[in-house]
Amino acid sequence: MKFVSTRGKSPAVTAAEAIRRGLAPDGGLYVPDALPVFSASELEALLALPYAELSAAVLERFLPGFSRQELLGYTKKAYASFDDGAVVPLHALGDKLWTMELFHGPTCAFKDVALQILPYLLAASVRKCADDHTVAILVATSGDTGKAALEGFADVPGTKIAVFYPDGGVSDIQRAQMATQGGDNVLVLAVRGNFDDAQTGVKDIFADAALAAELDKAGVVLSSANSINWGRLAPQIAYYFAAYAQLLRAEAVAPGERVDFSVPTGNFGDILAGYFAKRAGLPVGKLLCASNSNNVLTDFLRTGVYDKNRPFLRTMSPSMDILVSSNLERLLYLAAQDGERVSEWMQALRGGGKYAVGEELLNLLTDEGFAAFFASEEETARVIRAVWEGKGYLADPHTAAGLSAAEQYRRESGETRPTVALSTASPFKFAAAMLSSLGGAVPENDFAALDALSAFAKTPVPAPLDALRAREERFKTVVEKDEMRESVRNWLVK
Ligand SMILES: *Cc1c(COP(=O)(O)O)cnc(C)c1O
C-alpha cells in the first residue's frame, strides 16, 4: 500500500513520508491507494483485544512500514493517560442507543485519541525517512486543539511544540490549560489579535524560506499537527472497532449485525475514520453526519452541492463551527477515484466557494451509508435537557447534535438498528452552555460554571480540569503578530 494525493499530481509515497509531509506537494491530502480489509477470522481476533492492542492491530494495516510491535509501544504510551480502562467506553442510553465517550484523555476532548499518539508516529516517520531533524510543531489554536497537541507532544523525544492563541480570545479554562502546560519542549504564546491573526502568523512562518534554511542548519524541521495529516486520521479508525467489540461483549449485537454510528462533524476526520473501518470489514450500517446550524455538510450530502457562501454562525458547539471541511476531499477522492475531478472541485471551492459533484457521485455516497442531519441551537438545548431529564446523562453540545441526528434518522427511516453516537467532549468543557441549556443560572467565570454544573448534576469535575486551579502559570508572554517569527527563531536556534 502506498499513499497517493487526492489531487493526483504528486508521486505516491510511503506511510512515513505521508505523515512527515502532512500535505502532498500538489496541495492534496494523502489517501491509501488500496484499502485494507480484515477477513472474518482476523476481525474476530481483533475484536477480542484490549484497546492498545486493538489500536496497534488496526494501525498496522493502515501504516505499512510500521510493525505491530513498534505500534504497540506507541499505543500503550498514548492511551495510558486515559482515565477509563476501556479508553473509549460506551454508555447505554436504552432503545439500542449508546454514546461512545471519546473524552477520557488528558484534555477531556476526543482530539486526545489522535494527538496522544501522533507525536510518536511523527517522530518515527522522520526517522524512517532517514532524517535526523527535530520536528517542531507549530499550532495556531482557537482553544481545544492547542491544548490537546501540547499534551500529546510534551516531552516526546525528537519533537518540540509551539502553540499560539489569540490573547483574550479563548475561555478562562482553555487559557489556564495552555498557560500551565508542563514539558521541556513546549512554548505557549498569546498573540495580540484574533484567531485569524495567529493562524496567518503561523502560515507565514511555514512559508518563510529563509527561516526554513536557518532552522535546517540548526537541525530542525517545521511541521503541523492538524487533521489533514494521515497520522492523525489513522488512529481514529480503531475506536469504531472498539465500539463494536464492546457491543459484542455486552451481547447487545450478534456477530456480523450492523451498527449505525452518529458523528458530530467539523472537519470530517472523525466520520471518515468510520468509513475506513466500514471499508475494512466492520459491520457498519449508516454513518450519520451530524452538524450544528453551520449545516454546509447536511446540504452537501442531501443535494451534492457544496456551498460555503453562507453566514458563519457561532454556536455552543464551536468545534463544529466550520464551513470548509478539509477531510471531505478524501471521501470525494475515494468515491470518484479521479484526482483531476477532485482538483476541479477544490479549485471551484477556492474560487467561488462552491462546487457540485453530480447525482451519480451523490448516490454513491448515499449507497455507502452516508446520511446527514443538523441540530439548531434550540434543538441542541432540547436534546441536552431531554437526555438529562430522561436518562440522567450529561451530553455536551457536540454530542447532543449527534444524538439529535440519530433521533432524526430513526424517525425519518423507521430503522431501529443499534446506534452508537460518538461523544466528542466532556460536558464540563462546555459548562456554561450546559447550564444555560439545562435552565440553570450561568456564572460569569468559567471555573464557577464548572462548580455550578458539578453541583447541578452531582457529578465531580473531571480531574484534569479541576487540577488547573492549583497549577502555576508558566507561560504569560503576549507577543505582537509581527513578533511571532522571531519568537520561534529564538526558541529553535540556540
Ligand atoms: C474536533 C471536534 C469535532 C469535529 O471532528 P472532525 O473530525 O473535525 O469532524 C467534534 N466535536 C469536538 C468536541 C471536537 O473537538
Side-chain angles (χ1 to χ4, degrees), residues 29 88 99-116 118 139 141-152 170-171 173-174 177 195 224-240 261-277 287-298 300-301 315-331 370 372-375 380 383-384 394-405 421-431 433-434 462 465:
L29 277 62
V88 289
T99 58
M100 172 162 52
E101 297 183 346
L102 300 174
F103 56 74
H104 287 274
T107 79
C108 304
F110 105 101
K111 295 201 169 48
D112 287 332
V113 182
L115 281 166
Q116 282 293 303
L118 177 66
V139 180
T141 184
S142 53
D144 281 352
T145 303
K147 175 59 182 178
L150 283 166
E151 273 298 324
V170 300
S171 74
I173 289 180
Q174 288 172 327
Q177 279 187 310
F195 171 66
S224 100
N226 65 26
S227 74
I228 48 103
N229 194 308
W230 181 251
R232 239 187 96 171
L233 198 118
Q236 297 182 239
I237 302 168
Y239 51 69
Y240 287 88
F261 287 88
S262 183
V263 189
T265 296
N267 249 328
F268 213 77
D270 199 359
I271 192 168
L272 190 67
Y275 182 61
F276 282 111
L287 287 162
L288 307 177
C289 173
S291 299
N292 60 28
S293 32
N294 292 294
N295 56 358
V296 59
L297 284 168
T298 319
F300 172 70
L301 285 168
T315 73
M316 60 174 138
S317 44
S319 298
M320 294 153 71
D321 291 345
I322 277 180
L323 292 179
V324 176
S325 294
S326 42
N327 270 296
L328 182 63
E329 182 171 347
R330 284 191 164 111
L331 178 64
F370 286 96
F373 299 88
F374 77 96
T380 304
V383 171
I384 289 172
L394 290 177
D396 99 285
H398 304 79
T399 307
L403 288 168
S404 170
L422 274 56
S423 177
T424 49
S426 160
F428 286 92
K429 276 211 102 160
F430 300 95
M434 293 301 295
L465 299 179

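Whatever order the structure lists them in is the order used to number ligands and atoms, beginning at 1. Keep in mind that what you see is a predicted model, and the values were worked out from it rather than measured.
In this structure, the ring of Phe370 has its center less than 6.0 angstrom from the ring center of Tyr275.
Remark: Lys111 pairs with no residue by the salt bridge (Lys or Arg N to Asp or Glu O under 4.0 Å) rule, at least two apart or across chains. With sequence neighbours excluded, the residues that form a salt bridge (Lys or Arg N to Asp or Glu O under 4.0 Å) with Asp144 are Lys429. With sequence neighbours excluded, the residues that form a side chain to side chain contact (heavy atoms under 4.5 Å, CB included) with Ala225 are Leu115, Leu118, Ile137, Phe153.
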Measure and list all N/O to N/O distances between ligand 1 and the protein that fall under 3.5 angstrom.
unit_1   : atom_1 : unit_2 : atom_2 : d
ligand 1 : 7 (O)  : Gly269 : N      : 3.2
ligand 1 : 7 (O)  : Asp270 : N      : 2.9
ligand 1 : 8 (O)  : Asn267 : N      : 2.7
ligand 1 : 9 (O)  : Gly266 : N      : 2.7
ligand 1 : 9 (O)  : Asn267 : N      : 3.2
ligand 1 : 9 (O)  : Phe268 : N      : 3.0
ligand 1 : 11 (N) : Thr424 : OG1    : 2.8
ligand 1 : 15 (O) : Lys111 : NZ     : 2.5
ligand 1 : 15 (O) : Ser319 : OG     : 3.3

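Ring geometry for His398 versus Phe430: interplanar angle of 30 to 60°, hence tilted.
Using modelled atom types, no side-chain atom of Ser317 and backbone atom of Pro397 make a donor-acceptor pair closer than 3.5 Å.
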